[in-house]
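Written out below as structure tokens is the structure these notes cover.
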Amino acid sequence: MKKIGIMQPYFLPYIGYFQLIAMVDEFVIYDNIEFSKASWIRRNRMLQNGKGVYFTLPVKKDSDFLDVDQRYLIDDFKQKGDKLLRKIEANYKKAPHFETFFPIVEKIISYRDFNLFNYILYSVETIKEYLEIQTPIKVFSKIGKEINQLKAQDKVIGVCKALHATHYINSAGGKELYNAEDFAKEQIKLIFYKTEAITYSQFGEEFVPLLSILDVCMFNSREQIKTFLKEYKIISPTMKAYSFNKSNVQQIQEHLWRVDQDFKPALHTYVDIDAYAQKIADSAVRLEFFVEDKLIGLMASYYNPEKQFLFITNFSIESKYRGHGMDLIIGLLHYLGNQNSTVSPEIEVVAKDFSKVLFDDLKGAKIPISSVRTEVRNANQKLIAFYKKLGFFELKKELQSTYLIKQI
């Protein structure tokens, strides 16, 4: 699996830009795209007297048809850069992390390559290094000359194919620009992300959102920013609707009766389905799949806080819909088994949501689960084999059931 992100060059952009860099395996930055004075390429916003104000890189006057890599900062930019530094210092000198981050800003502003693209690329690389993001950055024009001739979506697909990507991730603002089916034809999965509402203290005043990354870095430690980098939602055009703990007793009952004969032996022969549904609704953590208002898939589990194991009491998807949710549930089980493994963006988001439901006060990145366990009737050898394929081992075997465990 290989995830790719592509963006225009923006000067000290908002944190969502760096979220994308952090979540992909390779990040591509456009260099030979047309420069626009009205874009965010050379400007952003910082905090001043409780409000967001613009700061701008002064660019030499030139043809409006030149690309970013053909434009240059003004000749006396050193003077203008010093003025910008003084403005940033005046606005943030009392910020809690000013002493740590202002030298990084000085390093960026004082860069002496006045080519606009090179200057912005240096700023992005410098912030990336400060935040300890390991993702390599590739310059678009160096990927392949033939890709430069493509337009719009075809250009993006061309980059993905050249870099052997399996996933292309783009900001949710670009959903209208791309067609998931066109990407799928090239064996590329199209994914969108949306930055969560990130807030933090700005001198104790009313929070001003969506400012430059420099504002984030002035008010937050590097470790805190690393948690911000993970605060986004993944939106997949092909991903079926899932939820946690939204189903009611009646929906669970109806689902369990529809899958009754899929269990070996039939579920109703060894449990009271209606009472079982009530227990699941009252106590279990439930990962659910819906088609409209119909519950078609359910993984119900209980957490033992003393021994830190998750017990899966039910795992069922109606046969007609097994392609809609099985992969996601299997991926979640794999992720719980090895939280350092590389997983798709969808699985990672489901795992994050699952952990938030399971642990209201979860602190740290690792989910505190030492093992995943389940019980399967001995008559259902097919399901036992399925769990073993996922890495489960026999914990004990009784007359009617086999208990399986997957250590984490």
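We count residues from 1, following the sequence as given.
The environment of NZ in K93 is sparse: at most 12 heavy-atom neighbours from other residues, nucleotides or ligands sit within 6.0 Å.
Counting only N and O atoms by type, the side chains of S243 and E288 include a donor and acceptor under 3.5 Å apart. Under the 3.5 Å distance criterion, with hydrogens and angles disregarded, no donor-acceptor pair is assigned to the side chains of Q153 and N179. Between the side chains of E375 and S401, a donor-acceptor pair is found at a separation under 3.5 Å. With no hydrogens or angles considered, no side-chain donor-acceptor pair links N32 and S141 at under 3.5 Å.
Residues F114 and Y119 keep their aromatic ring centres 6.0 Å or farther apart. Taking the centre of each ring, F140 and Y30 come in below the 6.0 Å mark. Centroid-to-centroid, the aromatic rings of Y270 and F263 stay 6.0 Å apart or farther. Y10 and Y17 have their aromatic ring centers within a separation under 6.0 angstrom.
Both tests pass for R222 against the ring of Y130: distance under 6.0 Å to the centre and angle within 45° of the axis. Geometric assessment of R43 against the ring of W40 yields a positive cation-pi assignment under the 6.0 Å and 45° thresholds. For the pair R373 and F311, the cation does not sit on the ring face, since its NZ or CZ is not both under 6.0 Å from the ring centre and inside 45° of the axis.
S123 places no side-chain N or O within 3.5 Å of a backbone atom of F11 that could act as its donor or acceptor partner.
A 4.5 Å side-chain heavy-atom check between I108 and L12 finds at least one atom pair inside the cut-off. By the 4.5 Å heavy-atom criterion applied to side chains, I21 and L229 are not counted as neighbours.
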| message | Under the criterion ring-ring contact (aromatic ring centres under 6.0 Å, His included), I'd like the reasoning laid out for F77 against Y72: C-alpha separation, chi angles, the key distance, then a yes or no. | response | CA-CA 10 Å; F77 176 70; Y72 288 83; over 10 Å; no
Tabulate below the donor-acceptor pairs under 3.5 Å that side-chain atoms of residues 48-55 make, not counting sequence neighbours, or state none.
residue : atom : partner : partner atom : Å
Q48     : OE1  : N91     : ND2          : 3.3

Could you tabulate the donor-acceptor pairs under 3.5 Å formed by side-chain atoms of residues 192-201, not counting sequence neighbours?
residue : atom : partner : partner atom : Å
Y193    : OH   : G16     : O            : 2.8
T195    : OG1  : Q19     : OE1          : 2.6
Y200    : OH   : D215    : OD2          : 2.5

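Applying side chain to side chain contact (heavy atoms under 4.5 Å, CB included) to V216 and the options F18, Y14, F101, F228 leaves one that passes, F228.
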